[in-house]
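In this chain, numbering begins with 1 at the start of the sequence shown.
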Amino acid sequence: MIVADGLIGFLSKEELATLLDRLIRHFPTGEICFNGYTRFHVWAARKYAGTQSVVPFLKSPGFDTPQDIERLEPRMKLVREIFLGREPEVADYPWTTRLASALTAWSTSVSRKGTAVQHYRF
């Protein structure tokens, strides 16, 4: 199991393809999880004051669906896309976050604008 928490946003499409190829060649089978950064996330990070210190290092174009990663590296197969706003832990969030999670949970495309983790097998 490879966990690449927060890494994907700092890799260009070509760098990500190279990394995935090298990992798959080194480990003939395995699983990998990472944050799903969409084009919206990349855009929002460039606008949000709290992320300005990392903006110069963001290289990802953003991937709007898990299938974008499968097209980039066909040996990767999606196991599960985890939307954190739909997980049971939401019940422990402050009421404003619970409300926002409830409003976005109805739609997969809207949920992807929140925090998502993608789990693949190769």
Side-chain angles (χ1 to χ4, degrees):
M1 171 56 82
I2 301 164
V3 178
D5 185 23
L7 174 66
I8 305 306
F10 299 99
L11 300 175
S12 68
K13 186 176 181 178
E14 295 76 21
E15 290 168 331
L16 177 58
T18 298
L19 175 63
L20 293 174
D21 176 63
R22 292 180 75 187
L23 288 170
I24 292 169
R25 281 189 291 119
H26 186 77
F27 300 106
T29 63
E31 298 183 27
I32 185 168
C33 288
F34 49 79
N35 302 80
Y37 293 108
T38 63
R39 288 181 295 160
F40 173 78
H41 287 111
V42 174
W43 174 84
R46 295 184 192 286
K47 304 292 181 194
Y48 178 61
T51 56
Q52 291 306 299
S53 62
V54 299
V55 166
F57 306 105
L58 291 176
K59 296 181 187 177
S60 176
F63 299 94
D64 289 338
T65 71
Q67 292 72 33
D68 293 338
I69 299 294
E70 291 175 330
R71 281 189 285 279
L72 181 67
E73 176 44 76
R75 294 171 289 182
M76 302 265 291
K77 299 299 175 208
L78 182 69
V79 173
R80 182 174 178 220
E81 186 172 25
I82 304 160
F83 299 112
L84 299 187
R86 296 180 181 179
E87 294 300 301
E89 293 81 7
V90 169
D92 297 328
Y93 293 171
W95 76 268
T96 52
T97 308
R98 288 195 312 271
L99 177 61
S101 295
L103 292 172
T104 63
W106 62 273
S107 165
T108 297
S109 63
V110 174
S111 291
R112 283 191 182 118
K113 294 189 181 348
T115 304
V117 174
Q118 295 170 348
H119 175 191
Y120 294 90
R121 184 173 291 126
F122 55 88

Is there a side chain to side chain contact (heavy atoms under 4.5 Å, CB included) between L72 and K13 once you walk through the steps?
CA-CA 8 Å; L72 181 67; K13 186 176 181 178; 3.8 Å; yes
When you look at F122 and K77, which way does the side chain to side chain contact (heavy atoms under 4.5 Å, CB included) test go after all the steps?
CA-CA 6 Å; F122 55 88; K77 299 299 175 208; over 6 Å; no
Test side chain to side chain contact (heavy atoms under 4.5 Å, CB included) on W43 and T38 and set out the steps.
CA-CA 9 Å; W43 174 84; T38 63; over 6 Å; no
Run the numbers on F10 and K59 for side chain to side chain contact (heavy atoms under 4.5 Å, CB included), then give the verdict.
CA-CA 5 Å; F10 299 99; K59 296 181 187 177; 5.9 Å; no
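Considering every non-hydrogen atom in both L84 and V90, the closest pair reads O-CG2, 3.5 Å. Shortest non-hydrogen contact noted between N35 and G6 is OD1-N, 2.7 Å. The two residues P66 and R112 have their closest heavy-atom pair at CD-NH2, 3.3 Å. For the pair V117 and C33, the tightest heavy-atom approach, listed with the atom from each and the gap, is CG1-CB, 4.2 Å. When every heavy atom of S12 is checked against every heavy atom of E15, the shortest pair comes out as N-OE1, 2.8 Å. The two residues F83 and T108 make their nearest non-hydrogen contact at CZ-CG2, 3.7 Å.
Under the 3.5 Å distance criterion, the side-chain polar atoms of R39 are left unmatched by any main-chain donor or acceptor of G62. The backbone N or O of G114 sits less than 3.5 Å from a side-chain atom of H41, completing a donor-acceptor pair. Distance alone, capped at 3.5 Å, is enough to place a donor-acceptor pair between the T104 side chain and the A100 backbone. When atom types are taken as modelled, the side chain of H26 and the backbone of L23 share no donor-acceptor pair closer than 3.5 angstrom.
To the nearest 0.5 Å, atoms CG (L16) and CG (L11) are separated by 6.0 Å. Note that CG of L78 and CD1 of I69 are 10.0 Å apart. Values are rounded to the nearest 0.5 Å. One distance of note links CZ of R25 with CG of D21; it measures 4.5 Å at 0.5 Å rounding. From S109, atom OG reaches atom CH2 of W106 across 6.5 Å, with rounding to the nearest 0.5 Å. Distance CZ/R71 to OG1/T65: 5.0 Å, rounded to 0.5 Å. If you take CZ on F27 and CD1 on I2, they are separated by 5.5 Å, rounding to the nearest 0.5 Å.
Put simply, the side chain of F63 does not reach to within 4.5 Å of the side chain of Q118, judged on heavy atoms.
Geometric assessment of K113 against the ring of F40 yields a positive cation-pi assignment under the 6.0 Å and 45° thresholds.
No side-chain N or O of R86 forms a donor-acceptor pair with one of S101 less than 3.5 Å apart. E81 and H119 share no donor-acceptor pair across their side chains, judged by distance under 3.5 Å alone.
Under a hydrophobic-cluster definition in which Ile, Leu, Val, Met, Phe, Trp and Tyr are linked whenever side-chain heavy atoms come within less than 4.5 Å, directly or via other members, I8 and I24 are assigned to the same cluster.
More than 12 heavy atoms of other shown residues, nucleotides or ligands fall within 6.0 angstrom of atom CZ in R46.
Partner of I32 under the side chain to side chain contact (heavy atoms under 4.5 Å, CB included) criterion, chosen from E73, M76, R121, M1: M76.
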